[in-house]
Amino acid sequence: MTKIICQLDGIRIDKDYLSNLSKELEGRIEILKNKIYTIAGADFNISSPKQLAAILFDKLKLKPVKKTKTGFSTDEEVLTILAASHELPAEVLNFRQLSKLKSTYVDAILELANPATQRIHTSFNQTVTATGRLSSSEPNLQNIPIRTELGKRIRQAFVADNGCLFLSADYSQIELRIVAHFSQDSLLIDAFKKDEDVHTRTASEVFDVQPELVTPEMRRRAKAINFGIIYGMGAYGLAAELGISQDEARGYIDDYFLHYKGVKTFIDKTISEAMERGYVSTFFGRRRHVPEIRSGSEQIRRFGERIAINTPIQGTAADIIKVAMINIFRRLKNEILQSRMLLQIHDELIFEAPEKEIELMKELVKNEMETAAKLSVPVKVDINIGRNWGGLG
DNA sequence: CCCTTCACG
DNA sequence: ACGTACGTGAAGGGT
């Protein structure tokens, strides 16, 4: 098996920086542990959901929120709810965040770095996912933290080689653009042709206000609705995501489809085609069989319907970025450039480029990614430059 | 080896 | 009445 080229290149990390971060986290975790033991009035393994549940629901008599297969759940949603009635859950959440990031990212990445080169060589797996995406393992570099401050500090440990900069190129709203293409929905196509903020546009339609009067909260809800479309949402899922009643969520979904009629037709057509043919297809014709959609069990059938909706969207995005990667790789080789393709994170590519190639690469990468597939709406790519992965904005 | 939890797109 | 948003990988606990 030929190794993927970017695996051979690897990505450089700053070992001293990560070691210091590891020590800092070790100290903070130790302090949190003692604080938790004091509040709980007992020592226990905080990392054990079973022992944590015993403390929360037996010893402290807090009210369970939901069950898992094996007992009462202590996941983030549950602890956030419980935090309103006791001081322990919030500290457990803090503990969880620090220990997760330390063990899964900081320490694991230090161990996997090549001692001579300080570079990390992930595997990009091409035959794992059902939708055609790549996956990444040992270590997974497609789920490096970004959403919290600490997460951003971990990203900063990934650094460009001497004389080089990182160039990241990410598709803007690629999956919703694919929905616009498949559905030919006039509102969605209009929004992308005018390069509007698509979540603000959805808020404006669903909540019936001028785009200028869309509040951050309205936009947040519209964004959840747009994601829900891609996932084949139901009212229950949207309600859970937004913390609203199922009736209210149902109202949002109905309003959405009242405005985006083309999207509604697209979803219905996709499902009925999947039932007739037994498979769904991406823009390029790649298929995923969906036997679940003919199941006698309603639950499994619904699952099949969501697969039927999501796969052409997610799969087409995966196809498009792969085409772009192939074309970019060929050009790097043919034009004898020193820039290297290091990472693919589903809708984003990261390159290591000598400083003198940066301007050329901006154009080359943006152009190849935006023209990898001709959709009926523009395909837009944003470029960012930085010395480390955390500083790419 | 399964379960739970949680990191990302 | 029921369970319910798509796709992944990894760590730690517990059997």
Side-chain angles (χ1 to χ4, degrees), chain A residues 44-54 66-79 92-93 95-109 111-112 122-125 128-148 150-152 154-155 170-175 179 224-242 246 249-250 253 267 280 288 290 292 297-318 321 343-349 389:
Chain A
F44 65 103
N45 187 341
I46 309 162
S47 301
S48 161
K50 194 179 175 186
Q51 292 183 39
L52 178 61
K66 61 179 179 182
K67 284 194 245 179
T68 67
K69 283 179 189 170
T70 54
F72 292 125
S73 173
T74 67
D75 69 12
E76 184 176 359
E77 183 203 337
V78 170
L79 293 182
V92 173
L93 283 171
F95 173 89
R96 284 240 179 102
Q97 199 214 1
L98 296 194
S99 31
K100 172 87 177 183
L101 296 192
K102 179 175 187 291
S103 63
T104 309
Y105 301 102
V106 179
D107 294 345
I109 281 167
E111 283 169 27
L112 285 165
T122 185
S123 295
F124 282 107
N125 315 300
V128 169
T129 70
T131 55
R133 276 186 170 186
L134 302 183
S135 84
S136 160
S137 57
E138 289 182 294
N140 181 355
L141 291 186
Q142 291 182 321
N143 72 344
I144 298 299
I146 192 173
R147 291 170 190 171
T148 65
L150 179 57
K152 286 173 196 155
I154 292 173
R155 279 202 174 206
D170 63 290
Y171 282 111
S172 163
Q173 305 293 354
I174 185 68
E175 293 190 337
V179 171
I225 296 170
N226 279 330
F227 269 108
I229 296 303
I230 292 166
Y231 296 153
M233 71 179 160
Y236 177 93
L238 183 64
E241 178 66 33
L242 288 176
Q246 216 166 312
R250 172 51 56 199
I253 294 170
I267 288 174
V280 290
R288 175 179 179 179
V290 192
E292 295 90 345
S297 150
E298 175 165 349
Q299 197 182 327
I300 295 173
R301 204 163 57 242
R302 296 270 178 232
F303 179 54
E305 290 175 4
R306 296 195 296 271
I307 291 173
I309 296 165
N310 176 260
T311 296
I313 302 168
Q314 190 182 122
T316 295
I321 197 168
L343 300 177
Q344 189 252 45
I345 310 159
H346 309 306
D347 62 355
E348 174 184 18
L349 295 175
W389 195 3

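Sequence lines set the chain letters: A, B, ... in the order given, protein chains first and strands last, and positions in each chain run from 1. As the structure is a computational prediction, the values presented were derived from the model and not from experiment.
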| Hey, does the side chain of A:Ser135 come within less than 4.0 Å of C:dG9's phosphate (OP1/OP2), counting only N and O? | yes
| task | Report yes if a side-chain nitrogen or oxygen of A:Asn143 is closer than 4.0 Å to either non-bridging phosphate oxygen (OP1 or OP2) of C:dG9; otherwise report no. | result | no
| query | Taking atom types as modelled, is there a side-chain donor on A:Asn310 or A:Thr131 under 3.5 Å from an acceptor on the other? | reply |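 The criterion, which ignores hydrogens and geometry beyond distance, is not satisfied for A:Thr131 and A:Asn310.
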Integer-rounded Å distance: [N] [atom2] and [X] [atom1]:
X	N	atom1	atom2	result
A:Glu77	C:dT4	CD	P	12 Å
A:Lys69	C:dG3	NZ	P	12 Å
A:Tyr231	C:dG7	OH	C1'	8 Å
A:Asn140	B:dG9	CG	P	11 Å
A:Glu292	C:dG3	CD	P	20 Å

Under 4.0 angstrom, heavy atoms only, what part of the nucleic acid is [X] near: base, sugar-phosphate, or nothing?
X	value
A:Phe227	nothing
A:Ile345	sugar-phosphate
A:Ser136	sugar-phosphate
A:Ile309	nothing
A:Glu138	sugar-phosphate
A:Glu175	nothing
A:Glu348	nothing
A:Gly232	nothing
A:Lys100	base
A:Arg302	nothing

| query | With a 4.5 Å limit on heavy-atom distance, are the side chains of A:Val280 and A:Val290 in contact? | reply |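 They are in contact (side-chain heavy atoms under 4.5 Å apart), so the answer is yes.
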| field | Beyond-backbone contact of A:Lys66 with A:Asp75, side-chain heavy atoms, under 4.5 angstrom | value | yes
Expressed as a whole number of Å, how far does the [atom1] atom of [N] sit from that of [M]?
N	M	atom1	value
C:dC2	B:dC6	P	26 Å
B:dT5	C:dA5	P	15 Å
C:dT4	B:dC3	P	14 Å

| Worked check of side chain to side chain contact (heavy atoms under 4.5 Å, CB included) between A:Asn125 and A:Leu134 | CA-CA 6 Å; A:Asn125 315 300; A:Leu134 302 183; over 6 Å; no
| task | Using Watson-Crick or G-U wobble geometry with both distances below 3.5 Å, tell me the partner of C:dA11, or none. | result |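 Pairing partner, where one exists within any strand: B:dT4.
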| What's the shortest heavy-atom distance between A:Ile253 and A:Met233, and which atoms? | CG1-CE, 3.6 Å
| said: I'd like to know if A:Glu76 reaches the base of B:dC6 with its side chain such that a donor and an acceptor end up less than 3.5 angstrom apart. | reply: no
